Amino acid sequence: MHNYLDFEKPVADLESQILALKGLGGGGDSVDVSEEIKRLETRSREALTDLYKKLTPWQKTQVARHPDRPHCVDYIARLITDFTPLAGDRYFAEDHAVIAGFGRFEGESVAVIGQEKGSDTQTRIKHNFGMARPEGYRKAVRIMELADRFKIPVLTLVDTAGAYPGIGAEERGQAEAIARSTEACLNLKVPLVSVVIGEGGSGGAIALATANRVLMLEHAIYSVISPEAGASILWRDATRSRDVAQAMKITAQDLKGFGVIDEIVSEPIGGAHREPDAVIEQTGERLQAALVDLGGLDGDALRRQRREKFLSIGREL
C-alpha cells in the first residue's frame with residue numbers, strides 16, 4: 001500500500017478494492033475475480049493519470065514532500081560507487097542534514113553534496129528533517145574547495161524546507177554560512193550540476209544550487225519561502241498556503257519558463273515515489289549529459305558561465 005495524499009483519495013479507494021479482491025481470490029475454491037481486478041486497475045490508472053495531469057502548485061508541494069519520495073541517500077546509493085563521506089566543518093561540529101563526500105559517477109571521480117531529510121522518525125531527527133545548520137554549509141564549502149583543488153566535478157542534491165532557523169544556528173552565523181556556500185559555488189572552476197529532488201527551500205537550497213546546470217524533478221518545488229510561512233507573513237493565516245503556492249510560481253514548469261532552472265526531469269504518473277528506481281536512473285542520465293556538456297569548458301569559462309547565468313535571470317521579464 002502507498003501512502004496516499006489527500007487529493008489521491010479516489011485512487012486510494014480503487015486500489016483498496018483491488019487489494020481486497022486479490023485477497024478473496026487466493027483460495028482454491030474462490031470465485032474468479034481476475035476480470036474485475038483488471039477493470040479496477042484500469043480505472044485506477046486512468047484516475048491517477050487524470051489527477052497528475054492537472055496538479056495545482058499546492059498539490060505539487062504535497063507530492064514534493066511525500067514521505068516515500070526517494071531521498072539524497074537513495075540517489076547516492078544508486079548512482080555513486082565507492083562513495084566516501086566526509087564529516088565535520090573543521091570549526092564546530094558534524095551536521096547530518098548535509099551528506100558530503102567523494103565517489104565515482106559513471107566511472108569518473110565526483111564530489112557529492114546533498115541534503116537528507118530522513119525516512120522515518122529516528123533518521124528524520126538525526127538529519128534534522130534536512131534543515132542544515134551553519135556547520136552543514138561550512139562542510140559543503142570544505143568539500144567544494146577540495147573538489148576545486150583536485151579538479152573534480154561537483155554534484156549537489158537539493159531537498160530541504162530551508163536552513164534551520166534555531167537560535168543556536170543564528171548565533172553561529174547561519175546567514176554568513178549560507179552566503180559563503182553560495183560564494184563557493186560561484187567561484188568553482190569545475191563543473192557544478194544541481195538537482196532539486198524534492199523541496200528547494202529559500203537560501204538553504206540556493207547555497208547548494210548556484211550551479212552551471214540546475215535540474216529539477218517534475219513535481220519538485222523551488223521557492224524563496226515555504227507556502228505556509230508566506231501565508232503566515234502576508235495574511236497571518238497559514239490556511240492560505242494554497243494561494244501563496246499559486247502566486248509564487250514554485251513549480252518546475254514555471255521556473256523553467258523564467259530561466260531559473262535549466263531542465264525538468266520527468267516523473268512517472270503518481271510521482272517519483274511510485275517508481276523510485278526509474279526516476280533515479282533517469283536523473284543519472286541527465287546528470288551525465290550535463291557533465292558531458294560542461295566538460296569542454298575550462299575553469300574560467302565555467303565560472304563565467306555560472307555567474308552570467310544567474311545575473312541574467314529576470315532581465316527579460
Side-chain angles (χ1 to χ4, degrees), residues 70-120 122-160 164 177 180-185 187-198 204-205 207-213 215 276-277 279-292 294-295 299 302:
H71 293 162
C72 170
V73 292
D74 302 309
Y75 285 84
I76 291 174
R78 182 69 182 267
L79 299 177
I80 309 299
T81 57
D82 300 324
F83 181 68
T84 302
L86 299 181
D89 64 347
R90 299 299 186 265
Y91 291 99
F92 182 75
E94 162 67 346
D95 187 348
H96 294 287
V98 175
I99 294 176
F102 291 87
R104 294 189 180 276
F105 174 61
E106 299 294 335
E108 300 295 329
S109 296
V110 292
V112 183
I113 306 169
Q115 291 150 329
E116 173 59 36
K117 287 183 171 181
S119 56
D120 54 33
Q122 184 177 358
T123 55
R124 285 171 189 148
I125 292 171
K126 174 184 176 181
H127 296 290
N128 200 35
F129 299 85
M131 296 185 292
R133 297 175 171 86
E135 43 272 24
Y137 295 108
R138 289 174 180 139
K139 175 170 68 172
V141 170
R142 184 167 75 88
I143 301 305
M144 283 189 270
E145 289 176 346
L146 273 174
D148 204 34
R149 186 178 307 160
F150 293 102
K151 308 302 180 187
I152 297 173
V154 179
L155 306 178
T156 65
L157 302 167
V158 176
D159 189 15
T160 181
Y164 184 61
R180 293 290 183 191
S181 184
T182 307
E183 180 185 39
C185 290
N187 287 332
L188 282 174
K189 289 189 175 183
V190 295
L192 171 57
V193 183
S194 297
V195 188
V196 182
I197 60 175
L208 299 184
T210 312
N212 297 99
R213 295 281 192 280
L215 284 57
D277 289 342
V279 170
I280 294 172
E281 182 177 352
Q282 186 176 3
T283 302
E285 292 172 359
R286 302 320 308 154
L287 283 171
Q288 176 67 3
L291 289 175
V292 170
L294 296 169
L302 285 166

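Since this is a predicted model, take the numbers as computed values, not measurements. Worth knowing before you read on, the calculation uses all heavy atoms, side chains too, and leaves out hydrogens, waters and symmetry mates. Along the sequence shown, the residues carry numbers beginning at 1.
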Do any N or O atoms from the side chain of [X] and from the backbone of [Y] form a donor-acceptor pair under 3.5 angstrom?
{"X": "D89", "Y": "Y91", "answer": "yes"}
{"X": "Y137", "Y": "G204", "answer": "yes"}
{"X": "T156", "Y": "L208", "answer": "yes"}
{"X": "N187", "Y": "A184", "answer": "no"}
{"X": "S181", "Y": "V141", "answer": "no"}

Could you tell me which residues satisfy side chain to side chain donor-acceptor pair (under 3.5 Å) with R133, sequence neighbours excluded, listed by chain and number?
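If we apply the side chain to side chain donor-acceptor pair (under 3.5 Å) test to R133, skipping adjacent residues, there are no hits.
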
Applying side chain to side chain donor-acceptor pair (under 3.5 Å), name anything that partners T81, two or more places apart in sequence or on another chain.
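None.
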
Take V195 and R286, measure what side chain to side chain contact (heavy atoms under 4.5 Å, CB included) needs, and give me the verdict at the end.
CA-CA 10 Å; V195 188; R286 302 320 308 154; over 6 Å; no

Where is the tightest heavy-atom contact between [X] and [Y], given as atom of each residue plus distance?
{"X": "F105", "Y": "L79", "result": "CD1-O, 3.6 Å"}
{"X": "A205", "Y": "V158", "result": "CB-CG1, 3.5 Å"}
{"X": "A111", "Y": "I152", "result": "N-CG2, 3.6 Å"}
{"X": "R213", "Y": "A290", "result": "CG-CB, 4.0 Å"}
{"X": "L302", "Y": "L294", "result": "CD2-O, 3.9 Å"}
{"X": "I99", "Y": "H127", "result": "CD1-CE1, 4.4 Å"}

Taking C-beta and beyond as the side chain, do [X] and [Y] meet within less than 4.5 Å on heavy atoms?
{"X": "V154", "Y": "V112", "result": "no"}
{"X": "E281", "Y": "R78", "result": "yes"}
{"X": "V73", "Y": "F83", "result": "no"}

Pairs involving residues 94-113, ordered by first then second residue, that meet side chain to side chain donor-acceptor pair (under 3.5 Å) (sequence neighbours left out)
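Matches after skipping sequence neighbours: E94-K139, R104-S109.
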
Run the numbers on E116 and D159 for side chain to side chain contact (heavy atoms under 4.5 Å, CB included), then give the verdict.
CA-CA 7 Å; E116 173 59 36; D159 189 15; over 6 Å; no

Passing candidate, side-chain contact (heavy atoms from CB on, under 4.5 Å) with F102, options D82, I80, I143:
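Option passing the side-chain contact (heavy atoms from CB on, under 4.5 Å) with F102: I143.
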
Under the side-chain contact (heavy atoms from CB on, under 4.5 Å) test against P153, which residue among L291, L188, N212, L287 passes?
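Answer after filtering L291, L188, N212, L287: L291.
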
Residues M131, N128; criterion side chain to side chain contact (heavy atoms under 4.5 Å, CB included); working and verdict
CA-CA 6 Å; M131 296 185 292; N128 200 35; 4.0 Å; yes

R180 and E183 ion-paired at < 4.0 Å:
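A salt bridge is present here (some side-chain N lies under 4.0 Å from a carboxylate O).
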
Using side chain to side chain contact (heavy atoms under 4.5 Å, CB included), reason through M144 and C185 one step at a time and then give a plain yes or no.
CA-CA 8 Å; M144 283 189 270; C185 290; 3.7 Å; yes

